[in-house]
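Since the model is a prediction, treat every value here as computed from it, not as a measurement. Residue numbers begin at 1 in each chain, while the letters A, B, ... track the order of the sequences.
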Amino acid sequence: MAGRSKLVWKLSAVVIAILTVAIALSGYLNSLVYEHHAQESARISLRFNTDSINKGIGQLMMNRDINGIQRLVADIARNDTVYRDLRLVSHLEGHYGEVVASRSGTSNQETLVEEDRRCAVCHEGEETKGAGEGTADTGIDRLPEGRVLTVMAPILYEDRCVECHGEVGENESPDRAILGFLSADYSLDQLDVLIAEHRAKTLATVLASLLLGVIALRIMFKWLLDRPISRLIEGTKRIAASEFEFRFDQNRDDEIGILEESFNTMTATIQANQRELVQAQRFVAIGQAVTGIQHAIKNMLGVLTGGAYLVSVGAAKNNRERIEEGNAMVEEGIDRITAFSHNMLNYAKEWKPELEEVDLNDLVATICESNRQAAASRGVALRPELPDGLPAVVCDPRLIHMAATDILVNAIDACTWKDYEEDESPEVVLRNALDDDGHFFILEIRDNGSGMNEEVRKRIFLPFFTTRKAQGTGLGLALTARIINVHGGRISVESEPDRGAVFRIDLPIRGPRDNREVRDVQAGSHH
Amino acid sequence: MSKRVLIIDDDQIIVKYLSVALSEHGYEPLSANDCSGGLQQIEETRPDLIVLDVMMPGKSGFVMIKQLKTDDRFKDIPVLMLSGISGVLDEWEGHQGETEESPYDAMRETLKKKIDEMREEGMLSPEMFLEKPIKSDPFISKVRELIGS
């Protein structure tokens with residue numbers, strides 16, 4: 001996955017999850033606390049407010065001003081945005097629940113029943129609370145119109161009340177300690193609006209923090225992890241692709257820096273080993289070449305020895321013919337040495353292909369024509385199989401011509417070394433094709449000649465390897481292999497003794513990627 | 001009558017050289033360039049000695065020997081093998097071969113194996129080998145050793 005670090009994404013996901021939970025949680029708790037406190041404040045101040053109204057009512061009661069009380073209550077209750085409801089309710093025996101004063105001004109004959117929710121504020125089940133303490137109590141209910149804080153503020157019996165309302169007996173129920181109560185339903189709308197606003201703000205803050213957090217996280221991870229890890233991966237990929245000169249810049253002092261340092265050390269070691277290996281391979285190759293050359297020299301030495309012998313015999317016996325034969329041999333030996341030396345130089349030089357688009361059908365056809373006569377004179381038929389529609393190949397036509405001709409000549413020779421049965425006749429088939437992927441052009445040269453055993457087949461492309469003494473320096477196929485190599489292609493051979501051989505050349509249609517020779521110290525490509 | 005010696009080698013020069021050496025020493029040289037030509041000669045003229053090169057294009061000398069030694073008509077004809085690969089006989093002669101890495105060295109191992117095999121089957125013996133480059137004197141001595149003058 002280019003450019004993306006799975007590790008960093010996993011890490012980011014975990015951190016973001018934790019961050020989200022933490023921020024959301026704190027936002028939520030913050031909201032809860034605020035709401036609770038806001039509500040408590042409201043409760044306290046509304047209680048106080050109700051008590052204050054009670055004091056006013058108490059004063060008016062002393063003045064026996066019932067009308068005044070009713071007007072006061074109606075007046076206050078008119079502010080219906082604050083007061084959902086306001087009523088003065090009697091708690092006198094015989095008059096439980098009678099509404100004495102309310103919004104409408106006069107008593108409206110309404111009576112609260114025991115099941116009323118307002119009674120429940122103090123009369124919860126069996127228990128009755130708060131009576132003697134003189135404190136108002138509250139409850140919060142959700143009514144269809146909105147939330148409501150109900151304050152039940154009792155008007156307690158005091159000494160000054162006795163004059164009109166009589167005594168409260170000692171054995172009387174605690175109920176009797178209450179003359180009545182002020183029941184106020186405060187609308188919590190404003191509070192709820194505040195709460196809603198607060199929640200919205202909290203949510204916005206949470207989201208904003210999360211967003212900032214995530215962005216900051218991504219940037220931080222990108223900077224601290226993504227980029228260095230990507231660089232590390234890029235670097236190691238290059239090293240894995242055998243780019244052993246590559247080194248990491250050493251400008252970090254953290255664990256990744258340590259990794260980079262280790263990689264640099266490792267790569268330097270590989271590079272050094274590589275050089276040693278290449279050196280060693282070169283020595284081996286030189287050793288092989290030397291042995292091969294020695295082999296060829298022995299052969300040529302044989303020729304000169306023979307020539308010298310014949311000359312000496314001829315001289316001793318005064319046989320002119322012998323002397324001339326001997327001389328001819330010596331000259332042959334000189335020719336062989338000259339040709340060998342020339343071939344060696346030819347082989348060893350740098351072969352840089354001059355690339356152009358080549359129709360290989362034409363090229364192979366030309367080679368067939370040039371060699372047809374010579375082959376026929378040795379009893380060998382040439383058969384080209386060159387299908388239409390094959391693409392042109394980017395290559396050096398002269399070099400490919402050389403390579404293909406060399407193989408063809410070998411194939412023809414192989415045919416002359418075999419004893420053919422009645423039903424078979426010497427033939428070399430030259431076939432062109434395209435490989436399945438369409439990237440490589442295939443040249444195949446197949447003969448039904450003497451073939452090679454495995455020992456020979458394995459070594460056929462090695463320089464100086466030959467089974468022939470008179471002709472051949474052993475460099476022909478080695479050079480062919482080099483030429484194919486330089487084109488970025490492959491060459492291979494299959495063969496069995498007496499069953500002929502198939503040489504196959506694969507050439508990349510688009511030519512070599514670079515004109516460098518594949519770093520293969522031995523001339524053979526793939527065997 | 002001179003003893004007939006058949007030389008089978010793809011190298012004309014070697015053939016010429018050895019032929020001259022043989023005639024100088026009273027033998028009658030015959031020659032062929034490859035195994036099938038050689039077989040033909042053997043059938044026609046029945047030589048007293050066959051000189052055979054190990055490495056030739058097409059059939060190698062060993063294949064020829066197998067053919068000869070399994071043919072009742074010819075298995076008694078002595079054979080002299082010319083080897084272009086040095087060190088094949090080292091073990092027999094008690095030398096330590098030098099270990100250079102070359103395609104020929106690996107072939108040497110194979111050759112040795114083949115030789116051992118054929119030895120087991122009674123087809124070969126050390127005196128049948130001569131290493132190149134061939135010098136006329138050792139060659140003639142060897143021939144004499146095998147079939148007399």
For residues A/Tyr309 and B/Glu24, determine if any side-chain heavy atom of one lies less than 4.5 Å from a side-chain heavy atom of the other. yes
With a 4.5 angstrom heavy-atom cut-off, which part of A/Asp498 approaches chain B: side chain, backbone, both or neither? neither
A/Glu424 atom CD, neighbour heavy-atom count above 12 within 6.0 Å: yes
When the 4.5 angstrom heavy-atom criterion is applied to B/Asn33 and chain A, the contacting part is neither
Looking at A/Phe283, I want to see if its CZ is surrounded by more than 12 non-hydrogen atoms of other residues, nucleotides or ligands under 6.0 Å. no
Between A/Arg336 and B/Asp11, is there a salt bridge with N-O shorter than 4.0 Å? yes
To the nearest 0.5 angstrom, please state how far the OH atom of B/Tyr17 sits from the CG atom of A/Leu310. 9.0 Å
Can you measure from CG (A/Asp419) to CD (B/Gln40) and round to the nearest 0.5 angstrom? 9.0 Å
Bottom line for A/Val313: the part with an atom under 4.5 Å from chain B's heavy atoms is side chain
Whatever's closer than 4.5 Å to a heavy atom in chain A on B/Ser23 counts as side chain
Is it the case that over 12 heavy atoms from other parts of the model lie below 6.0 angstrom from the CZ atom of B/Arg4? yes
Heavy atoms of other groups near A/Arg446 CZ, more than 12 under 6.0 Å: no
Taking every heavy atom of A/Thr305 against every heavy atom of B/Ile134, the minimum-distance pair comes out as CG2-O, 4.3 Å
Going from NZ on B/Lys16 to CD on A/Glu325, what distance comes out if it is rounded to the nearest 0.5 angstrom? 3.0 Å
Residues, nucleotides or ligands: over 12 heavy atoms within 6.0 Å of B/Glu43 CD: yes
Considering residues, nucleotides and ligands other than B/Lys3, do more than 12 of their heavy atoms fall under 6.0 Å from its NZ? yes
